[in-house]
Structure formats: C-alpha cells, structure tokens
Amino acid sequence: MDGAGPRAVRGPARPRRGRGAPEGPTSASATLAREPAPGVPGLAFLLAHAFLAAPDWRREDLVAAGAALLGARRRWLGPLVRGVLAGYPRRPEGAPRELARWIAAQPALTDAVARAAARGEPVRPARYLPPAPEEQAFGDRSAPGGVEASGARDLAWLAREVRLTPGELDWFADTRHWNRRAGAPALHHYRYVWRARPGRAPRLLEIPGIRLRTVQRRVLDHLLAPIPLHEAAHGFVPGRSARTGAALHTGADVVIALDLVSFFARVPPGRVFGVFRQAGFPEATAHALTGLCTHEVPDAVLRAMPDGGSAEDRFALARALRTAHLPQGAPSSPALANLAVRRLDARLSGWAAAAGGSYTRYADDLAFSGPADLARRADAFVRGVERIVVAEGHTVNRRKTRVRGAAVRQTVTGVVVNARTNVARTDYDALKAILHNCRVHGPESQRRGQADFRAHLAGRISWVESLNPQRGRRLRDAFERISW
C-alpha cells in the first residue's frame with residue numbers, strides 16, 4: 001500500500017430528509033474529516049530534508065530515512081533512492097530545494113502519488129518537520145512528530161535555523177510587544193505605507209526591514225512550505241494560480257464571488273500559533289515563530305490614516321491593525337493566512353458540495369459555482385456563506401458580492417469563465433491597442449513609468465496566452481513586430 005492514513009471521504013453526503021437527522025455524514029463533516037495530503041512538491045521537500053539528514057549518502061541510509069519520514073517502508077522508496085543517487089552521487093550539502101526539485105521529477109514518486117490518489121489513500125508523511133541531524137535513528141516518536149520528546153526543536157534550534165543569535169531572536173520575535181511602543185522609528189522592525197482607495201478604507205502596507213524579511217523568508221521556505229494546504233486555496237500556492245482556480249468554475253449555471261474584508265489583518269496570533277503547534281513545534285518555539293510573523297501597528301501610524309471609507313470601516317481597520325495580526329507585506333503572511341483559514345476552506349467546501357457546487361479561494365477572493373438549482377437559491381446560499389465566514393473570524397464585504405448567471409459575463413479573479421477560461425475582451429483590446437501604438441509610434445510613447453517596459457508587455461502577453469492561446473499568438477506576433 002503506497003498511502004498512509006485514513007481513507008479520504010469522497011462524494012457528496014446524502015441530503016437531510018424532513019426534520020430528522022441526516023442519513024450518513026454531511027458534506028461539511030466529510031470535508032472536515034478529510035486530511036489534506038502534501039502532494040508531490042510537499043513530499044519531495046520533506047524527503048529532501050530527510051535524505052540530507054541521513055548518516056551516510058548511500059542507498060540503505062536514504063531508504064531508512066524515507067521510511068522514518070513516511071512511517072513505513074514503501075516499495076517505491078528503493079527506485080526513488082536509485083534515481084536520487086543517479087543524479088547526486090554525492091550529498092548536495094546546503095541545497096535542499098534543488099534536491100527537492102530533482103526528487104519531484106522522479107517517476108517513482110509521481111507514479112506512487114498518482115496511484116495512491118486514485119485509490120483514495122493519498123501518501124501522507126508520519127511527520128511534517130524535517131528531521132534534525134542530531135536525531136539518531138531518525139527521531140524518537142514518543143511525542144507527535146518526534147519533536148518535543150527529542151527537544152530538537154527548541155529556541156536554540158530555531159535561532160540556528162533562522163541564523164540569529166538567541167538575543168536577536170528575542171528582539172525580532174518581540175513577544176512582549178515592545179516594538180510597537182518604541183518612540184524612535186529607527187527601532188521599528190517595519191516601515192509603513194498607506195495606500196488610499198477612492199470610496200473605500202485605505203490599505204496599509206507593513207514592510208519588514210531587511211533582516212526581519214530575511215528571517216521570515218527562511219521561516220517560509222524551511223518551515224511552512226512542507227505543510228499541506230486545503231485544495232481550495234489557489235493564491236500564493238506553488239503550482240496553483242488565479243487561472244487554476246478559475247478553471248474549476250467554467251461552464252456553470254451561476255458563479256458567485258465574494259470578498260473578505262482586511263484578510264491579513266483579521267488573522268489573529270492565536271490562529272498563527274495554532275498553525276505552528278499543529279505542525280509539531282513545541283509551545284515556546286511556536287510562540288517565538290508567532291512573534292516573528294505577526295505585528296502590532298503603532299498608534300502614531302494609525303493616526304496618520306488618510307481619508308476614505310466609512311467611519312465604521314475605518315474604526316474596524318484601526319482596531320484590527322492595533323492588535324497583533326499578519327502584516328501585509330511580510331513574505332510569510334500569505335502562506336500563514338492560507339494555513340490559518342484551512343478550517344474556513346473546509347467548511348465552505350462542504351457548504352458548496354451540499355448545494356452541488358464548487359468552491360475556490362484566491363487570497364481574500366471567494367468563488368462558488370454550481371447548477372441551476374444553486375442559482376435559484378443564491379441569496380440563501382450567500383447568507384450561509386456569510387454565517388460561516390463570521391464564525392471563523394472574518395467579514396464579507398457585501399458591496400463586492402456578485403451573483404452572475406450564464407447569460408452574462410462570469411468572472412473569477414478577473415478571468416472570464418463562461419465557457420472556458422478567457423481574458424476579458426476589454427483587457428484584450430486595450431493590450432492590443434498598446435502594442436499597435438508601440439509599433440507605430442515607438443515603445444516610449446506607451447511606457448508610462450514602467451522601468452522594464454518590454455518585460456512588462458511580455459508578461460501580460462504570457463498571461464493572455466495561458467488563458468486563450470489563439471488570442472495570445474496574435475498579441476505575440478504584434479509584440480515581435482515592435483522595434484525596440
């Protein structure tokens with residue numbers, strides 16, 4: 001058997017009959033019961049760290065390291081290790097991400113994950129934390145993940161992992177929130193930029209300093225990347241995008257789009273702490289990691305909030321920013337937000353499945369689609385979504401809620417999804433006009449402040465090509481005729 005763990009629950013639950021109890025589990029409970037699997041990228045990342053921590057770079061030790069990670073010796077581990085040794089005859093010290101990419105490309109792993117998923121038994125590791133080198137026999141698993149029993153993931157380990165001294169770790173984590181009360185801006189870990197938005201409350205960008213940003217990037221790459229996400233999350237997820245999320249809603253009778261208010265600011269430190277604890281970190285380490293990745297905005301910055309939005313919206317924003325939250329601008333915030341709302345994704349997936357529909361989320365954009373029956377009771381469905389969102393600590397921006405039938409243009413995260421994924425005609429025509437003017441009047445006539453205008457245009461054309469190859473080819477031909 002290639003997969004470990006309980007069998008994933010598949011298929012919609014039976015609807016309630018009358019006023020009695022439902023027959024069998026509901027869709028929501030089935031979704032909550034399902035444990036997401038890390039997939040090929042996550043498994044490759046974990047296996048890379050496990051292999052690099054093996055005592056010797058030889059087949060027997062690498063197979064043993066993989067078996068310890070997976071909780072059992074799988075038949076495909078031998079062929080996988082042979083492929084690893086063929087590509088890396090010597091241990092690739094200091095290159096776990098490079099090794100992970102090589103592992104993810106091995107047919108032994110991809111085929112095993114595909115077979116396990118087809119059986120409904122995805123491959124799940126026994127632990128999500130990469131084994132520390134000092135853990136002999138690949139860890140004492142008398143505690144979950146072998147973490148607290150071995151004591152290998154304490155604050156001293158964390159300081160080494162993020163390349164700080166213990167004193168620097170205490171300073172940057174700021175678990176007592178001294179930084180918020182520091183009078184001198186030079187002592188602050190963040191700089192702040194207000195962005196005004198016409199008719200709406202302004203947005204605050206909280207940009208960490210260079211050293212803190214480097215630490216948060218290490219937390220993202222080494223500690224958060226292996227943790228599995230809910231399959232509904234498509235924003236800031238490797239291998240997923242706005243296009244992959246929108247593609248799941250093509251050809252539906254109705255598409256419903258909702259937007260969350262102040263998404264990052266409404267993720268409290270308790271949820272962030274829970275993410276790290278569920279990943280297996282001891283309490284002290286999870287507490288320090290929460291401090292590294294959350295922030296409280298000083299009152300002086302909040303008093304400088306520019307005009308915009310209602311008094312109620314401004315008060316709610318200031319209250320959320322004044323308390324510890326995920327800062328919008330930190331590299332670790334998107335991944336932590338995705339992990340912190342995994343239960344929200346699970347509940348909304350169950351709610352959509354019960355109505356015969358689909359659900360995806362791209363950051364703070366929620367998208368639902370479904371058959372004609374869902375279209376007929378869209379108002380009741382949206383009210384149910386709002387109740388779930390509020391119960392999970394967030395708020396829906398009702399002014400941005402959209403319900404679109406098949407007779408009008410349906411969009412998800414800016415992608416048209418009526419019959420297939422496509423670019424909006426207005427966006428296509430605007431880009432075509434820019435390319436025409438570049439060819440006739442020269443690129444400088446259209447630059448408009450873009451530093452690398454050629455790369456900017458090439459990127460926009462690539463986006464159109466990913467949605468509509470035929471239109472993309474026409475734009476690419478026009479791009480090639482420009483005299484640069």
Report the residues that fulfil ring pair (Phe, Tyr, Trp, His ring centres under 6.0 Å) with Phe172, sequence neighbours left out, ordered by chain and then residue number. His189
Should the pair Phe276 and Phe281 be assigned to parallel (<30°), tilted (30 to 60°) or perpendicular (>60°) ring geometry? perpendicular
Separation of Ile461 CD1 from Glu480 CD (nearest 0.5 Å): 8.0 Å
Between Pro96 and Leu99, is any pair of side-chain heavy atoms under 4.5 Å apart? no
Just say parallel, tilted or perpendicular for the rings of His325 and His295, cut-offs at 30° and 60°. tilted
Any non-hydrogen side-chain atom of Asp61 less than 4.5 Å from a side-chain atom of Arg58? yes
Donor-acceptor contact present, side-chain Ser333 to main-chain Pro327, <3.5 Å: yes
Which pairs with one or both residues in residues 210-221 pass salt bridge (charged side-chain N to carboxylate O under 4.0 Å, His left out), sequence neighbours excluded? Arg97-Asp221, Glu168-Arg211
CG of Leu366 to NZ of Lys400: how many Å apart, nearest 0.5 Å? 11.0 Å
With a 4.5 Å limit on heavy-atom distance, are the side chains of Leu321 and Leu204 in contact? yes
Has Thr214 got a side-chain atom pairing as donor or acceptor with Ile210's backbone, closer than 3.5 angstrom? yes
I'd like to know whether CZ of Arg377 has more than 12 heavy-atom contacts from other residues, nucleotides or ligands below 6.0 angstrom. yes
Qualifying residue for side-chain contact (heavy atoms from CB on, under 4.5 Å) with Phe368, from Leu348, Val254, Val255, Val403: Leu348
Results of ring pair (Phe, Tyr, Trp, His ring centres under 6.0 Å) for Phe236 - residues two or more places apart only: none
Looking at residues at least two apart in the chain, or sitting in another chain, which of them share a side-chain hydrogen bond (donor to acceptor under 3.5 Å, both in side chains) with Arg59? none
Enumerate the side chain to side chain donor-acceptor pair (under 3.5 Å) contacts for residues 466-476, please, sequence neighbours excluded, ordered by first and then second residue. Asn422-Asn468, Tyr428-Arg474, Ser462-Arg476, Glu465-Arg476
Please list, chain by chain and in numerical order, all residues satisfying side-chain hydrogen bond (donor to acceptor under 3.5 Å, both in side chains) with Thr360, sequence neighbours excluded. His249
Looking only at heavy atoms, what is the nearest atom pair of Val464 and Val423, with distance? CG1-CG1, 4.1 Å
Note: Ala104 and Leu109 closest approach over all heavy atoms is CA-CD2, 4.3 Å
Partner set under ring pair (Phe, Tyr, Trp, His ring centres under 6.0 Å) for Tyr362, not counting sequence neighbours: none
Contacts of Thr244 meeting side-chain hydrogen bond (donor to acceptor under 3.5 Å, both in side chains) (sequence neighbours excluded), chain-then-number -> His234
Arg361/Asp365 salt bridge by N-O under 4.0 Å criterion: no
Mind listing the side-chain donor-acceptor pairs of residues 259-273 below 3.5 Å, one per line with the distance, residues two or more places apart or on another chain?
from: Arg266; atom 1: NE; to: Val261; atom 2: O; distance (Å): 3.3
from: Arg271; atom 1: NH2; to: Glu392; atom 2: OE1; distance (Å): 3.3

Answer whether the closest heavy-atom distance between the side chains of Asp364 and His394 falls below 4.5 Å. no
Looking at side-chain heavy atoms only, is the closest gap between Val63 and Arg73 below 4.5 Å? yes
Donor-acceptor pair, side chain of Gln106 and main chain of Trp102, under 3.5 angstrom: yes
Is the shortest side-chain heavy-atom distance between Trp351 and Tyr359 below 4.5 Å? no
If you look only at distance, which donor and acceptor atoms sit under 3.5 Å apart when one is on a side chain in residues 77-91 and the other is two or more places apart or in another chain?
from: Tyr88; atom 1: OH; to: Glu98; atom 2: OE2; distance (Å): 2.8
from: Arg91; atom 1: NE; to: Glu93; atom 2: OE2; distance (Å): 3.3
from: Arg91; atom 1: NH1; to: Leu52; atom 2: O; distance (Å): 2.8
from: Arg91; atom 1: NH1; to: Ala54; atom 2: O; distance (Å): 3.0
from: Arg91; atom 1: NH2; to: Ala54; atom 2: O; distance (Å): 3.1
from: Arg91; atom 1: NH2; to: Pro55; atom 2: O; distance (Å): 3.3

Would a 4.5 Å heavy-atom cut-off, applied to side chains only, mark Ser369 and Ser358 as touching? yes
Between Arg153 and Trp157, is NZ or CZ placed under 6.0 angstrom from the six-membered ring centre and within 45° of the ring axis? yes
Which pairs would a plain distance check flag for residues 405-412, meaning a side-chain donor or acceptor within less than 3.5 Å of a matching protein atom at least two apart in sequence or in another chain?
from: Gln410; atom 1: NE2; to: Ala252; atom 2: O; distance (Å): 3.4
from: Gln410; atom 1: NE2; to: Arg404; atom 2: O; distance (Å): 3.1
from: Gln410; atom 1: NE2; to: Gly405; atom 2: O; distance (Å): 3.2

Can you tell me which residue pairs pass the salt bridge (charged side-chain N to carboxylate O under 4.0 Å, His left out) test with a partner in residues 38-57, sequence neighbours excluded? none
Determine the minimum heavy-atom distance between Gln216 and Pro208, stating which atoms define it. OE1-CG, 3.4 Å
Side-chain touch Val219/Leu289, heavy atoms, less than 4.5 angstrom: yes
